[in-house]
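All remarks here apply to the structure that follows.
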There are 2 protein chains.
Amino acid sequence: MPEQLSAAAPRRVTLKDVARASGVTASTVSKVVNGRRDVGPEARQRVLDTIDRLGFHPNSVARGLRMQRSDTLAIVTDDLEGIFTNAMMRGVEDAASSAGFGVFLCNSYGDRDREQLQLQRLLDKRVDALIFMSGNRVGRRPEPALPLQGTPYVYLYEYGDAQVSTVLPDDVGGGALAATHLVDAGASRIAFINGPREWEATADRLHGFTRELTALGHPFDRSLLRWSPSWNAEDGYFLANELMDIVPDLDAIFCGSDDLATGAMAAVHDRGLSIPDDVQIVGFDDRSLAEHQRPPLTTIALPLHQMGHLAGEQALASLERTTAPAVFRVPCELVVRKSTRGG
Amino acid sequence: MPEQLSAAAPRRVTLKDVARASGVTASTVSKVVNGRRDVGPEARQRVLDTIDRLGFHPNSVARGLRMQRSDTLAIVTDDLEGIFTNAMMRGVEDAASSAGFGVFLCNSYGDRDREQLQLQRLLDKRVDALIFMSGNRVGRRPEPALPLQGTPYVYLYEYGDAQVSTVLPDDVGGGALAATHLVDAGASRIAFINGPREWEATADRLHGFTRELTALGHPFDRSLLRWSPSWNAEDGYFLANELMDIVPDLDAIFCGSDDLATGAMAAVHDRGLSIPDDVQIVGFDDRSLAEHQRPPLTTIALPLHQMGHLAGEQALASLERTTAPAVFRVPCELVVRKSTRGG
DNA sequence: TTGAAAGCGCTACCAC
DNA sequence: GTGGTAGCGCTTTCAA
């Protein structure tokens, strides 16, 4: 009977195959594969050659069973289609990949039952660590929907009350960045269209913004602050108009999102004013739409990739159980384009 | 010595624990867990109770080793941050999740060496099937960077020359949809700002568009066709202006992307014309920016979630090795908003 | 330096 | 119906 009848799924070569073919036992091959030093040079070479010749690759499942670790991370998110999730996931994947880890992707849709189901599956698969990532909000999240049996986890773009490592953008610093830039660019009557009050980030940004303005000798005129009910362009348009009605000599608007900024720019245009000559605009987020505005929008970039990367690293680090949990505030970055005079 | 010194990572309960605690052997427990019928009712009940009491969950790694299957899919993409990847991934995750499968995420950055590395890891982890997903283009891709050892795979939003199941949007139908809608809406001088020539999709859309127009008794005037060098708003703006210069009585523009349409709308506005009263605009893709345009943009929605879902299902189906590979064209959908008079 | 043996947690075959 | 046994592919003592 021919051994390889179906070429489709040939039996994969195992440790034992290598052992047999190089005239040693499985133990020795295992040692070679794992870089142990207690193997004779000639035996090692023979094994190495055979591995190459046979194209042997260790079965991770078997190794995982034996080692009680799977070299696998998981991202569980409440919104796989959130506008920021992509970039963060790429960061996580980068970090995991560099360490030889795989990453599972789970979407809970923010539903607790679903999260529970997903978590149980992940625990059954023995993932080594979890990353809870929020897609559409920054805010406190409840405990994981399931006791995690000692599996370590970190929060990314969200936080809980547990003793858990947490990765967030530095919103305070982001606000300060906008303030510095606008003052540098010669603005003196500066308004702030902030995002919705419910979002923790908005308080932080306001704080950073006003504090920095004060430090720079341009204390913020609170009457020029607006809390937008949403992050959308429509509200940016409306609020910018409202501001310009009240203060005709307004010369700069800092917006809590690129969408708000887009609306604000439309409002400025509609009055026949020029950006940045009459009014300078700064956005927040650095979504792709920012650079395609006319003029291209100066904005504060959320460090999404770095945040994801850091979360991945922290998840990995948690496996060593050596470091204490911490909260990380990743610096935002000022991206100067044409809607301000700076740069 | 206390058994549970570290509460952090208690030993997990195994099949054997359940067996012991219910006075049967592992075999019997296994049968119960797997819903076998050859177990006595009272034994079954006892086992079930114990499972519940102890909180037993089968170890997937062990099961995977034994069964030679991991209940795991993998997505390998060349662009994790592509504007369409999110939605497709969610579709895949939905399909996988419903079947109790997990999904690995891999980013090759379009780099062949990286893809090779990733694929090898996935094979080592014994994933059951792969989904190759393109993030930023529709086009022929080379063979997988590694012989897949019989692991089945499908293409999503890209295709190769192999005998491989492939999931693509129905671009021909999408073009036709736009034609029908515009004619219904009373347009008679219709232009088409198509995407770049290199993209396979653009030829398909043009074909569907013109064929349908002809069928409707409004043959397409080829002089009103433009091939944009990019998908961006800038080019949409420029080309729309060019078209309006040449044909003053233009009353509709079909654009190959929502970004192109955004540019076209700006051009129309700049001339003091009204949308949709003077000129109707239809986009393509249905990205989130579409519904926030002023007026909100009528567009042809790419069925990204459905495509991902279908790809997931096909990957799952390929495990049964019963169906022949096929290429699927998932219908686009007309989303009527305010930039056209239809609806 | 090498290998025999045990075992990670599970399923399946085949007696009883 | 039930359980003993073997084994999935690997790592790790421990003895030789």
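Values reported hereafter were calculated over all heavy atoms of this structure, with side chains retained and with hydrogens, waters and symmetry mates removed. Below, read A as the first sequence line, B as the second, and so on, with proteins coming before strands; counting in each chain starts at 1.
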Partner set under salt bridge (Lys or Arg N to Asp or Glu O under 4.0 Å) for B:Glu313, not counting sequence neighbours: none

Cation-pi check for A:Phe132 against A:Arg141: NZ or CZ below 6.0 Å from the six-membered ring centre and within 45 degrees of the axis, yes or no? yes

Of B:Val24 and A:Ser30, the one whose closest DNA chain D nucleotide lies more 5': B:Val24

Parallel, tilted or perpendicular, judged at 30° and 60°: which one describes the rings of A:Tyr155 and A:Tyr153? perpendicular

Pairwise 5' ranking along DNA chain D for A:Leu15 and B:Ser27, keeping only the more 5' one: B:Ser27

Residues in salt bridge (Lys or Arg N to Asp or Glu O under 4.0 Å) with A:Asp79, at least two apart? none

For B:Arg36, report the nucleic acid contact type (base, sugar-phosphate, nothing); a contact means any heavy atom under 4.0 Å. sugar-phosphate

Show every donor-acceptor pair shorter than 3.5 Å between a side-chain atom in residues 23-33 of chain A and any protein atom, with sequence neighbours excluded, or say none if there are none.
from	atom 1	to	atom 2	distance (Å)
A:Ser30	OG	A:Asn34	ND2	3.4

Between residues 40-60 of chain B and DNA chain D, which residues have a heavy-atom gap below 4.0 Å? B:Gly40, B:Glu42, B:Ala43

Give a yes or no answer on whether the side chain of B:Arg46 reaches the backbone of B:Ser22 with a donor-acceptor pair at less than 3.5 Å. yes

Interface limits on DNA chain C, where chain B has a heavy atom under 4.0 Å of a nucleotide atom: C:dG9 to C:dA12

Select base, sugar-phosphate, or nothing to describe what B:Val33 touches, counting heavy atoms under 4.0 Å on all strands. nothing

For B:Arg12, which contact category applies under a 4.0 Å heavy-atom criterion: base, sugar-phosphate, or nothing? nothing

Lys/Arg-Asp/Glu bridge criterion (N-O < 4.0 Å) met for A:Asp71, A:Arg69: yes

Looking at A:Asp17 and A:Arg12, does any basic side-chain N land under 4.0 Å from a carboxylate oxygen? no

Taking the side chain from A:Asn107 and the backbone from A:Val76, do they hold a donor-acceptor pair closer than 3.5 Å? no

Thinking salt bridges, do B:Glu93 and A:Arg114 make one under a 4.0 Å N-O criterion? yes

Where does the chain A footprint on DNA chain D start and end, counting 5' to 3' with a 4.0 Å heavy-atom cut-off? D:dG9 to D:dT12

We want to know whether A:Glu200 and A:Tyr159 form a side-chain donor-acceptor pair, criterion being a heavy-atom distance below 3.5 angstrom. yes

